[in-house]
Participant: 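If you scroll down you'll find the structure; I have some questions about it.
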Amino acid sequence: MKHILVTGGAGFLGSHLCDALLAAGNYVIALDNYFSGRLENIQHLITHPHFSMIEHDVNNPIFVTVDAIYNLACPASPIYYQHDPVKTVTTNVMGAINMLELAKRNNACILQASTSEVYGDPEVHPQTEDYRGNVNPIGPRACYDEGKRCAETLFFDYHREKHLPIKVVRIFNTYGPRMRADDGRVVSNFIVQALKNEPITVYGQGLQTRSFCYVDDLIQAMIKMMATDSTITGPINIGNPGEFTIIELAKKIIALTGSSSEIIYQDLPIDDPIQRQPDISLAASVLGWKPTIALDEGLKKTIDYFKE
Ligand code: NAD
Ligand code: UDP
């Protein structure tokens, strides 16, 4: 039985990853400081004989014996990552160093949950892994974008200098059950607003695009990436290439919930990327993976979760 550490294990993606790794017969250790994650996301696992939980901040070193590490610890929604931007940078950078050191001591493979935000406001569309991005290094999103870029740098330096087995996945907007209602991300915001028949807050004119991946598809890709041989490091894009404007998303959610909400328009946040769509050719060829859950189907499952 493999012992696998999931940092950010009480978060949205981390908790689903813990479920999937346990179902596959692993021993799972979740580590989290509960900044944007919640104990209730993993409450159902607490009594599982092959699960343990460590309350810890990745900014501090830790030693546990593990065979593999998934590094997800970092707030992911703009509201949460801009709450304490300096801490967001250190969580990405010091957190990466501490987890890379832990991987080195264990000779364990480590996977980094990177992001499409490394491409910034992209001038290449759809985004391929060789595109180097267009990030504003001094804007309000930079703590996250540059933090994640630096984490990728550290992963590849540990790989080159210390021969550490690494995997880097660049995750595009992912949604599903266990997102926080107050998380501020577009899917959770719109669903909560629609269910309460409150105004749907579209930022800008809503013509900016995103490509939304359902959580189950994403988790399968992460696990497949970890299972690749040591020559495969990534970075590899993971996401659903179906591209929608934010106004299309708002209308879809109003229709699926049968809501009487009106759409209102608010200021577009600074540096909000205008378009985003993953090129997933590399994931298809290297992982034999493609997403299977269409936006309508995934939204229905997510709406059911928020109804409860
Ligand atoms: P989330 O906020 O629900 O999960 C992040 C988890 O990390 C939370 O449980 C939080 O408490 C924990 N955490 C934050 N700072 C920590 C610290 N210093 N020490 C220990 N734990 C800490 O967000 P998520 O959507 O589940 O994202 C998980 C990872 O995936 C993040 O690294 C994020 O950047 C990445 N990602 C997510 C998306 C997405 O669309 N969901 C897209 C790109 C990348
Ligand atoms: N957005 C919006 N209304 C909201 C929340 C977000 O119009 O209530 C927009 C936001 O400006 C962005 C897109 O939806 O263009 C996706 O935002 P999110 O924060 O979910 O993800 P990210 O910008 O990090 O991709």
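For this chain, numbers begin at 1 and follow the sequence in order. Note that ligands are numbered from 1 as they come in the structure, with each ligand's atoms numbered from 1 the same way.
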Participant: What atoms in ligand 2 come closer than 4.0 Å to a heavy atom of Pro78?
Facilitator: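 Atoms satisfying the 4.0 Å criterion: 19 (O).
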Participant: With nothing but distance in play, are any N or O atoms of Asn173 less than 3.5 Å from an N or O of ligand 1?
Facilitator: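 Between Asn173 and ligand 1 (N or O atoms, distance only) the closest approach is not under 3.5 Å.
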Participant: Under 4.0 Å from any heavy atom of Glu117, which atoms of ligand 2 are there?
Facilitator: 24 (O)
Participant: With atoms numbered from 1 as shown, which atoms in ligand 1 lie under 4.0 angstrom from a non-hydrogen atom of Val58?
Facilitator: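 Listed by number with element: 17 (C), 18 (N), 19 (N), 20 (C).
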Participant: Using heavy-atom distances, let me know which of Gln208, Gln193, Gln266, Arg141 sits nearest atom 9 (C) of ligand 2.
Facilitator: Gln208
Participant: Would one find an N or O of Arg38, backbone or side chain, under 3.5 Å from an N or O of ligand 1?
Facilitator: no
Participant: Could you tell me the residue and atom name of the protein heavy atom closest to atom 5 (C) of ligand 2, and the distance to it rounded to 0.1 Å?
Facilitator: Tyr203 CE1, 3.3 Å
Participant: Any N or O on Thr174 sitting closer than 3.5 Å to an N or O of ligand 1?
Facilitator: yes
Participant: Show which atoms of ligand 1 fall inside a sub-4.0 Å distance from at least one heavy-atom site of Gly8.
Facilitator: 6 (C), 7 (O), 9 (O), 12 (C)
Participant: Mark up the atoms of ligand 2 that fall under 4.0 Å of a heavy atom belonging to Val202, in ascending order.
Facilitator: 7 (O)
Participant: Can you tell me if Gly184 has a non-hydrogen atom under 4.0 Å from ligand 2?
Facilitator: yes
Participant: What part of Thr91, side chain, backbone, both or neither, has a heavy atom within less than 4.0 angstrom of ligand 1?
Facilitator: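 Side chain only.
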Participant: Give me the residue, atom name and distance of the protein heavy atom closest to atom 13 (C) of ligand 2.
Facilitator: Ile246 CD1, 3.6 Å
Participant: Contact between Tyr80 and ligand 1, counting heavy atoms under 4.0 Å?
Facilitator: no
Participant: Under 4.0 Å from a heavy atom of Arg185: give me the atoms of ligand 2 that qualify, with their elements.
Facilitator: 19 (O), 20 (O)
Participant: May I ask you to identify, for Ser77, whether its side chain, its backbone, both or neither come under 4.0 Å of ligand 1 on a heavy-atom basis?
Facilitator: neither
Participant: Which of the atoms of ligand 2 are close to Asn189, meaning less than 4.0 Å from one of its heavy atoms?
Facilitator: 4 (C), 5 (C), 8 (O)
Participant: Numbering the atoms of ligand 2 from 1, which are under 4.0 Å from a heavy atom of Pro269?
Facilitator: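 The atoms of ligand 2 under 4.0 Å from a heavy atom of Pro269 are 11 (O).
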Participant: Show which atoms of ligand 1 fall inside a sub-4.0 Å distance from at least one heavy-atom site of Tyr34.
Facilitator: 11 (O)
Participant: Could you tell me, atom by atom, which parts of ligand 1 come under 4.0 Å of a heavy atom of Lys148?
Facilitator: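 Selected atoms, number and element: 31 (C), 32 (O), 33 (C), 34 (O).
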Participant: In the protein, what heavy atom is nearest to atom 11 (O) of ligand 2, and what distance, to one decimal place, separates them?
Facilitator: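 That would be Asp272 OD2, 2.6 Å.
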Participant: Of Phe35, Tyr81, Tyr144, which has the heavy atom at the shortest distance from atom 34 (O) of ligand 1?
Facilitator: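 Result: the heavy atom closest to atom 34 (O) of ligand 1 is in Tyr144.
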Participant: Counting from 1, what ligand 1 atoms have a heavy atom of Gly37 closer than 4.0 Å?
Facilitator: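 Contacts of ligand 1 toward Gly37, numbered from 1: 8 (C), 9 (O), 10 (C), 11 (O).
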Participant: Taking both backbone and side-chain atoms of Pro75, is any N or O found less than 3.5 Å from an N or O belonging to ligand 1?
Facilitator: no
Participant: Taking only Lys NZ, Arg NE, NH1 and NH2, and the carboxylate oxygens of Asp or Glu, determine whether Arg210 and Asp272 approach each other closer than 4.0 Å.
Facilitator: yes
Participant: Relative to the heavy atoms of Asn173, which atoms of ligand 2 are at a distance of less than 4.0 Å?
Facilitator: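 Selected atoms, number and element: 21 (O), 22 (P), 25 (O).
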Participant: Pick, from Asn59, Leu72, Asn33, Thr90, the option with the minimum heavy-atom distance to atom 15 (N) of ligand 1.
Facilitator: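 It is Asn33 that holds the nearest heavy atom.
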Participant: Around atom 17 (O) of ligand 2, find the nearest protein heavy atom and jot down its residue, atom name and distance.
Facilitator: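 Among all protein heavy atoms, the one nearest atom 17 (O) of ligand 2 is Val186 CB, 4.0 Å.
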Participant: Among all protein heavy atoms, pick out the one at the shortest distance from atom 3 (N) of ligand 2; state its residue, atom name and that distance to 0.1 Å.
Facilitator: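 That would be Thr201 O, 2.6 Å.
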Participant: Taking a cutoff of less than 4.0 Å between a non-hydrogen atom of the residue and any ligand atom, is Ser114 in contact with ligand 1?
Facilitator: yes
Participant: Among Asp32, Thr88, Val6, which residue places a heavy atom closest to atom 12 (C) of ligand 1?
Facilitator: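 When every heavy atom of Asp32, Thr88, Val6 is considered, Asp32 comes closest to atom 12 (C) of ligand 1.
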Participant: Under a 4.0 Å threshold between the charged nitrogen and the carboxylate oxygen, would Arg149 count as salt-bridged to Glu152?
Facilitator: no
Participant: Can you find a heavy atom in the side chain of Arg141 that is under 4.5 Å from one in the side chain of Glu117?
Facilitator: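 Side-chain contact under 4.5 Å: yes.
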Participant: Can a non-hydrogen atom of Arg185 be found less than 4.0 Å from any atom of ligand 1?
Facilitator: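 It does; at least one heavy atom falls under 4.0 Å.
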Participant: Using a 4.0 Å cutoff against the non-hydrogen atoms of Gly11, which atoms of ligand 1 qualify?
Facilitator: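 Numbered from 1, ligand 1 contributes 3 (O), 4 (O), 8 (C), 9 (O).
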Participant: Please work out which of Ile171, Val187, Asp57 has its closest non-hydrogen atom nearest to atom 42 (C) of ligand 1.
Facilitator: Ile171
Participant: Would Met179 count as a contact of ligand 1 if the rule is a heavy atom under 4.0 Å away?
Facilitator: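 No.
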